[in-house]
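These notes are about the structure you will find just below.
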Amino acid sequence: MNETLPAAFLDKMKGLLLEEYEQFVNSYNFPRAYGLRINPLKLDAGKWHELLPMGKHSQPIPWSSDGFYYSEEDRPGTHPYYNAGLYYIQEPSAMLPVELLDVRPGHRVLDLCAAPGGKSVQIGGRLLGRGVLVSNDNAYERTKPLAKNIAMAGIRNAIVLNEEPERLAAVFPLWFDRILVDAPCSGEGMFRKDESMAASWERHSVERCSAMQRDILIHAAAMLAPGGQMLYSTCTFSPEENEEQIASFLAANRDFSVVPLHPVSGLQPGRPDWIGEAAAKLAGKDVTDSLKGAVRVWPHHTAGEGHFAVLLTRHAEASKCGENLQNERSRENLDDVSRAREPKQAFTDKPGSLRSAAGGRAKATMQNSTRKQGAGYPESPMSRNSRKSRDGQSHGATSGERVDPIAAWEYFCRENLLLDAAEDEVAEAFQDKVFFRYRGLPSLEGLKVIRGGWLLGEAKKQRFIPSQPLSMGLKAEQAARSVCWSCQDDRVSRFLRGETLFIEPEELLLQGGVSAKGYVLVCVDGFPLGWGKYVDGMLKNELAAGWRRI
Ligand SMILES: C[S@@+](CC[C@H](N)C(=O)[O-])C[C@H]1O[C@@H](n2cnc3c(N)ncnc32)[C@H](O)[C@@H]1O
């Protein structure tokens, strides 16, 4: 491998690492480490060892509370539990930044450079459904896998944006409790994992990357609430993109400082001694020294690729803005209460933005008790007289009539689910699609919104079509109809390949007196995989093309 490493890179590392250099360069002759992280929204990490044969021999990753090493031949990506979102395959050192960020349920968190979403999924797991994750990437084509990974993990409280940091800063000033800047970088730490990174190293020059990072950091800082924390990370070794970048940032932002981290097993401290003279002088000795509190992952010290992470905080007392933010928050809370009381609906005809409008309903919930008591079914969204079925398919609208998406969702929900909106969730429509979104969000008008929240489904031709993200965010027992197969049952892989299956009605688990006909949540060992539609012994496959195994 070291023959493929750029000569200029090796020279630079030799000059930095001195006597450690041989050990460093030798590490490229060893195979890379593989890691996966258990999704706490679906599984307790303690149960991992019982779940799969590989769980029995996999070792914990020392700096991660739910990460494990696996061997290449284990191929966890081919198991149906992967499709059920029980774990995320992630390079071990990439698990570190979120581990250090101290995300707690209820926080407002921004993942600014998020695609393909490994760290967003990790943050979503930490939030446990409370608070909100704003997950952004400025590369449109990368936001698709990002949205899919978030959905597969069953994360309800995330929105996905495709924006430049500057435009976000105008919408979210001082708004976030936690920000992750997992910056685009020259990728020197990924040469062993991905040889193409070594080949494109000159193109992603250190100077070009550090200019991008500087710009991203300025706008990220504008969004952090006083007292909040921001984690900056890269997967590169170059000091210009790491310690020196942060020293320059701190020189210009005196209300920020480093929160010292304490390296565990094999992790190494930051290297302020590598900061260039000009940047060190500008920042001053205290600031420069504080960068010892950053953390570096080295491939010759640990089983993981190269990474850098530093945790920063904005002092609460240093800014008058802090008070403003508190006032702002109290106002929002009051607004939330009044909004919840006042019926509200959002429609837009214009793609790319969300808009709220008066009318419609604020919330789409189904009280379990309503169902159990067999209380009246709701009015159809279009016609009060023409409801035909209890399978959530026909709403009786005559052709040409526009279905109210929120009402269609409510109807579907009552007929097919045992689901309540969380306190901070509100059902909102975007064209024909319906989402649960976080109540406290500012207006996203004008922003490129890829996902405005948890996508519940779409009102189409007088029907409500439940979405794949809805199925992935449910628990098996929240569906009125479900079927559950063991991971050894070959119907699981046939379902994942998109086949229609024939099943006996007795195999369906029915709740609340529903008939067998209708949407069925298909599960593997109790974990949802997607929707099927049951009619006369046939389970029609409703997995969307992008979710099928080829
Ligand atoms: C290191 S990758 C992020 C990996 C991701 N955090 C994960 O764990 O899956 C950096 C990302 O930054 C994005 N990016 C580059 N410039 C950006 C900018 N100005 N604003 C937002 N994202 C940017 C890139 O498209 C890329 O997806």
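Read the numbers this way: they start at 1 and go in the same order the structure lists the ligands and their atoms. Numbers here simply count residues along the sequence, with the first being 1.
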Next item on the list: State whether a side-chain donor-acceptor pair under 3.5 Å links Ser210 with Gln213.
Entry: no
Check: Between Phe237 and Phe24, what is the ring plane arrangement, given parallel below 30°, perpendicular above 60°, and tilted in between?
Finding: perpendicular
Check: With sequence neighbours left out, what residues match Phe256 under ring-ring contact (aromatic ring centres under 6.0 Å, His included)?
Finding: Phe249
Checklist line | Heavy-atom nearest option to atom 1 (C) of ligand 1, drawn from Cys235, Cys185, Ala183 | finding: Ala183
Note to self: Please list, in number order, the atoms of ligand 1 under 4.0 Å from a heavy atom of Gly117.
What the structure shows: 7 (C), 9 (O)
Notebook entry, point to check: At under 4.0 Å between heavy atoms, which part of Glu164 makes contact with ligand 1: side chain, backbone, both or neither?
Noted result: side chain
Notebook entry, point to check: Looking at Leu112, which atoms of ligand 1 are within less than 4.0 Å of one of its heavy atoms?
Noted result: 21 (C), 22 (N)
Margin query: Between ligand 1 and Lys119, is the shortest N or O to N or O distance under 3.5 Å?
Written below: yes
Next item on the list: Answer yes if the side chains of Glu91 and Ser93 hold a donor-acceptor pair under 3.5 Å, and no otherwise.
Entry: yes
Check: For atom 11 (C) of ligand 1, what's the nearest protein heavy atom and its distance?
Finding: Asp137 OD2, 3.5 Å
Next item on the list: Do me a favour and list the nearest non-hydrogen protein atom to atom 14 (N) of ligand 1 with residue, atom name and distance?
Entry: Asn138 OD1, 3.3 Å
Check: Would you say ligand 1 has an N or O under 3.5 Å from any N or O of Asp111?
Finding: no
Next item on the list: Please indicate whether any nitrogen or oxygen in Tyr88 is less than 3.5 Å from any nitrogen or oxygen in ligand 1.
Entry: no
Check: Which ligand 1 atoms does Ile216 reach within 4.0 Å, using its non-hydrogen atoms?
Finding: 17 (C), 18 (C), 19 (N)
Note to self: So for atom NZ, which belongs to Lys433, do other residues, nucleotides or ligands contribute more than 12 heavy atoms lying within a distance under 6.0 Å?
What the structure shows: no
Check: Are any of the N/O atoms in Met212 less than 3.5 Å from those in ligand 1?
Finding: no
Next item on the list: Identify, for atom 10 (C) of ligand 1, the protein heavy atom at the shortest distance, and state residue, atom and that distance.
Entry: Asp182 O, 3.6 Å
Donor-acceptor contacts, no H, no angles, side chain residues 542-550, under 3.5 Å, sequence neighbours left out:
from: Glu542; atom 1: OE2; to: Lys540; atom 2: NZ; distance (Å): 3.3
from: Arg548; atom 1: NE; to: Leu543; atom 2: O; distance (Å): 2.8
from: Arg548; atom 1: NH2; to: Leu543; atom 2: O; distance (Å): 2.9
from: Arg549; atom 1: NE; to: Asn83; atom 2: OD1; distance (Å): 3.3
from: Arg549; atom 1: NH1; to: Thr78; atom 2: O; distance (Å): 3.1
from: Arg549; atom 1: NH2; to: Thr78; atom 2: O; distance (Å): 2.8
from: Arg549; atom 1: NH2; to: His79; atom 2: O; distance (Å): 3.1
from: Arg549; atom 1: NH2; to: Asn83; atom 2: OD1; distance (Å): 2.7

Check: Can a cation-pi geometry be assigned to Arg32 and Tyr34, taking NZ or CZ under 6.0 Å from the six-membered ring centre and within 45° of the ring axis?
Finding: yes
Item checked: Quiz item: cation-pi between Arg437 and Trp454, 6.0 Å / 45° -> no
Margin query: Side chains of Leu180 and Val98, heavy atoms from C-beta outward: is any pair under 4.5 Å?
Written below: yes
Check: Is there a donor in the side chain of Gln268 and an acceptor in the side chain of Arg296, or the other way round, less than 3.5 Å apart?
Finding: no
Note to self: Within ligand 1, which atoms have a heavy atom of Ala139 less than 4.0 Å away?
What the structure shows: 25 (O)
Checklist line | Top protein contact for atom 12 (O) of ligand 1, by heavy-atom distance | finding: Cys113 CB, 3.2 Å
Check: Identify the closest protein heavy atom to atom 20 (N) of ligand 1: which residue and atom is it, and at what distance?
Finding: Pro165 CD, 3.3 Å
Checklist line | Interfacing atoms of ligand 1 (cut-off 4.0 Å, heavy-atom, Pro184) | finding: 10 (C), 12 (O), 15 (C), 16 (N)
Next item on the list: For this output row, return yes or no: ring centroids of Phe68 and His49 closer than 6.0 angstrom.
Entry: yes
Notebook entry, point to check: Is it the side chain, the backbone, both or neither of Arg142 that has a heavy atom closer than 4.0 Å to ligand 1?
Noted result: side chain
Note to self: I need the atoms of ligand 1 closer than 4.0 Å to a non-hydrogen atom of Pro116, numbered in the order shown.
What the structure shows: 9 (O)
Next item on the list: Run down the list Gly118, Ala94, Ala115 and name the one with the heavy atom closest to atom 5 (C) of ligand 1.
Entry: Ala115
Margin query: In terms of relative ring orientation, are Phe9 and Tyr28 parallel, tilted or perpendicular, with 30° and 60° separating the classes?
Written below: perpendicular
